> 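Encoded as structure tokens, here's the structure I'll be asking about.
Remember, predicted model here, so these are calculated numbers, not experimental data.
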Amino acid sequence: MKNQYKIALMAAGLLAVTSCAKHDPIPDQMEIGVEVPTCYWSVGSTACKAGESFTFTGKYYTATDRVPHHSEVWYAVTKAESAAATVKLAGSALSYTKTVTLNDTVRESQSIAVFYHSEDLWNGYEYEVTGEVPTSSTLGPVDWKEVVEWDEDNFKQYYPEGFDTEFKAEVIAYLTNDSTYINSLRTVYINYAFTNEQFAAINSKYGISLPTDIENDPEDLGKAIEQKGNYWYTTTEASDDKITGYYYKTVDANGNTIVVELGNDSSVTKDDDGNYWKGEQRCFPVYDSCAWVFCRYDDDAGSIVNSVRPKWMEGFKELLTVISFPEWIYDSTNSFYTVEFSRSYSLDAKFKVYDRDPKNADAASRVGVAADVRTITLN
């Protein structure tokens with residue numbers, strides 16, 4: 001019960017007003033501005049199935065010179081959406097999910113249900129109305145996730161325009177901007193069914209030599225995977241017999257680190273401490289690997305590190321663009337696409353009471369609005 005109404009009851013008791021009186025017992029000196037109907041309400045549940053009705057109980061009273069006319073339940077409709085997709089083609093090394101959310105009012109507050117006043121609603125203290133308020137079946141929740149068969153129409157309906165394009169660009173950037181996700185890039189190269197014609201086109205454009213003899217047998221996909229896995233190899237343990245050359249690092253006038261490769265330079269010598277030198281320049285080994293990987297010992301890391309050579313990386317970057325969005329997000333282990341879309345609606349409901357001047361039928365009604373906005377979630 002509202003504090004204001006508690007005060008009203010206390011005042012009523014002090015003035016010995018009978019329980020059947022129907023008026024606002026708050027003294028006139030307590031009024032500020034125009035006096036409107038006093039009302040408050042509750043709902044049967046804060047959740048409702050879309051298309052069904054929710055119940056409520058409203059209570060109200062008016063000033064002594066006014067009489068109630070009717071009450072109304074109003075509500076606005078708000079929508080909450082979330083759309084996400086997770087890359088799976090790149091393996092576990094790259095964990096990336098793109099998510100977008102939307103929260104919006106799709107229908108401004110308006111009157112939904114009207115309940116006309118009756119003296120039968122008097123409960124001995126105030127007027128009390130109970131009723132049901134309808135909802136629309138079109139506002140039911142939507143879930144689209146872990147789909148087994150790709151549905152482009154559903155994707156376009158649920159996801160914002162450009163989501164797939166942005167997703168692909170972001171994933172390719174992760175894989176090719178530097179060598180942080182070199183293992184994921186290798187996974188894509190090995191597992192995706194690039195054609196030899198696609199490799200040849202990239203080779204011609206960038207002057208590189210990706211293998212073009214992959215045996216893409218639809219009946220034996222494992223053959224191509226094994227073949228490409230053998231082509232992309234690196235040295236994993238430092239060994240003199242795996243050294244194919246040397247390099248050193250220097251800094252240019254702008255403070256940028258420059259890597260200078262020496263190839264298998266016979267003038268590089270090794271001292272008693274195991275360090276390599278070309279004159280007074282400290283050098284480091286380059287180890288055997290496929291042509292596009294710069295496999296070397298890094299003194300800062302204290303271990304062997306790998307990176308894709310820049311010219312080859314440009315070729316990989318373009319090669320990755322041929323992969324479609326659904327192929328990036330297909331979870332081959334669980335045999336579904338990793339989309340996750342949800343849409344839900346809720347109602348921001350208000351209770352209003354209208355009164356009238358019994359002596360002037362043409363006078364405008366005064367409107368009292370319950371302070372509490374009740375949120376109803378549609379399920």
> With ring centroids as reference points, do Y337 and F155 lie under 6.0 angstrom apart?
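No: the rings miss the under 6.0 Å criterion.
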> Under a plain distance cut-off of 3.5 Å, with no hydrogens placed, do S307 and R296 share a side-chain donor-acceptor pair?
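Note: R296 and S307 side chains meet the donor-acceptor criterion.
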> Taking ring pair (Phe, Tyr, Trp, His ring centres under 6.0 Å) as the criterion, tell me which of W232, Y181, Y192, F194 meets it with F316.
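Of the listed options, the one satisfying the test is W232.
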> Rounded to the nearest 0.5 Å, what's the gap from OH on Y287 to CG on D240? Could you check?
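Atom-to-atom, Y287:OH and D240:CG are 7.0 Å apart.
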> With the side chain counted from C-beta on, respond yes when D372 and R374 share a heavy-atom pair under 4.5 Å apart, and no when they do not.
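A side-chain contact under 4.5 Å exists here.
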> Looking at every heavy atom in both E72 and S111, which two are closest together, and how far apart are they?
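Looking at all heavy atoms of both residues, the shortest contact is OE1-OG, 3.1 Å.
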> Which value, rounded to the nearest 0.5 Å, describes the distance between K88 atom NZ and Y330 atom OH?
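Those atoms lie 12.5 Å apart.
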> Would you please classify the geometry between the W122 ring and the Y127 ring as parallel, tilted or perpendicular, with 30° and 60° separating the classes?
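Perpendicular: the ring planes of Y127 and W122 meet at over 60°.
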> Walk me through whether S82 and S342 qualify under side chain to side chain donor-acceptor pair (under 3.5 Å).
CA-CA 5 Å; S82 176; S342 65; 4.7 Å; no
> Does some side-chain heavy atom of D265 sit less than 4.5 Å from a side-chain heavy atom of Y276?
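They are not in contact (no side-chain heavy atoms under 4.5 Å apart), so the answer is no.
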> Might you confirm whether atom CD of Q281 has over 12 heavy atoms from other residues, nucleotides or ligands at distances under 6.0 Å?
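It does: Q281 CD has more than 12 such atoms within range.
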> Using the side chain to side chain donor-acceptor pair (under 3.5 Å) rule, take D213 and Y231 through it: C-alpha gap first, then chi angles, then the decisive distance, then the call.
CA-CA 11 Å; D213 60 346; Y231 279 140; 2.8 Å; yes
> To the nearest 0.5 Å, how far apart are CD in Q198 and CG in L210?
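Q198 CD to L210 CG: 11.5 Å, rounded to 0.5 Å.
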> Could you check whether K350 pairs with D348 (Lys NZ or Arg NE/NH1/NH2 to Asp/Glu carboxylate O, under 4.0 Å)?
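Between D348 and K350 there is no salt bridge, as every charged N stays at least 4.0 Å from the carboxylate O atoms.
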> Hey, is K249 close enough to D299 for a salt bridge, meaning N to O under 4.0 Å?
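Answer for the salt bridge query: no.
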> By the side-chain hydrogen bond (donor to acceptor under 3.5 Å, both in side chains) test, which pairs, at least two apart or in different chains, include something from residues 308-322?
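Listed by first then second residue: K205-E318, Y206-E318, E261-R309.
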> Take a 6.0 Å sphere around NZ of K242 and say whether it holds more than 12 heavy atoms from other residues, nucleotides or ligands.
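Check fails, neighbour count at 12 or below.
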> Quick check for you: to the nearest 0.5 Å, what is the distance between T130 atom OG1 and F115 atom CZ?
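T130 OG1 to F115 CZ: 8.5 Å, rounded to 0.5 Å.
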> Does any N or O in the side chain of E215 come within less than 3.5 Å of the main-chain N or O of K223, such that one atom is a donor and the other an acceptor?
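A pair under 3.5 Å: no.
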> Apply the side chain to side chain donor-acceptor pair (under 3.5 Å) test between Y60 and each candidate in E126, H117, E128; give the one that qualifies.
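Option passing the side chain to side chain donor-acceptor pair (under 3.5 Å) with Y60: H117.
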> Parallel, tilted or perpendicular, judged at 30° and 60°: which one describes the rings of F56 and W41?
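Perpendicular.
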> Is there any ring pair (Phe, Tyr, Trp, His ring centres under 6.0 Å) pair reaching into residues 80-103, and which pairs are they, with sequence neighbours excluded?
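Checked against ring pair (Phe, Tyr, Trp, His ring centres under 6.0 Å) - neighbours excluded - the pairs reaching residues 80-103 are Y96-F167, Y96-Y174.
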> Could you measure the distance from the OH atom of Y354 to the CZ atom of R366? Nearest 0.5 Å is fine.
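Output value for this atom pair is 15.0 Å.
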> If you round to the nearest 0.5 Å, how far is OG of S346 from CG of L378?
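Output value for this atom pair is 7.0 Å.
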> Which label fits F284 and Y247: parallel for a plane angle under 30°, tilted from 30 to 60°, or perpendicular past 60°?
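Correct class here is tilted.
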> Under 4.5 Å between any side-chain heavy atoms of F163 and Y158, yes or no?
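Result no, sub-4.5 Å side-chain heavy-atom pair not found.
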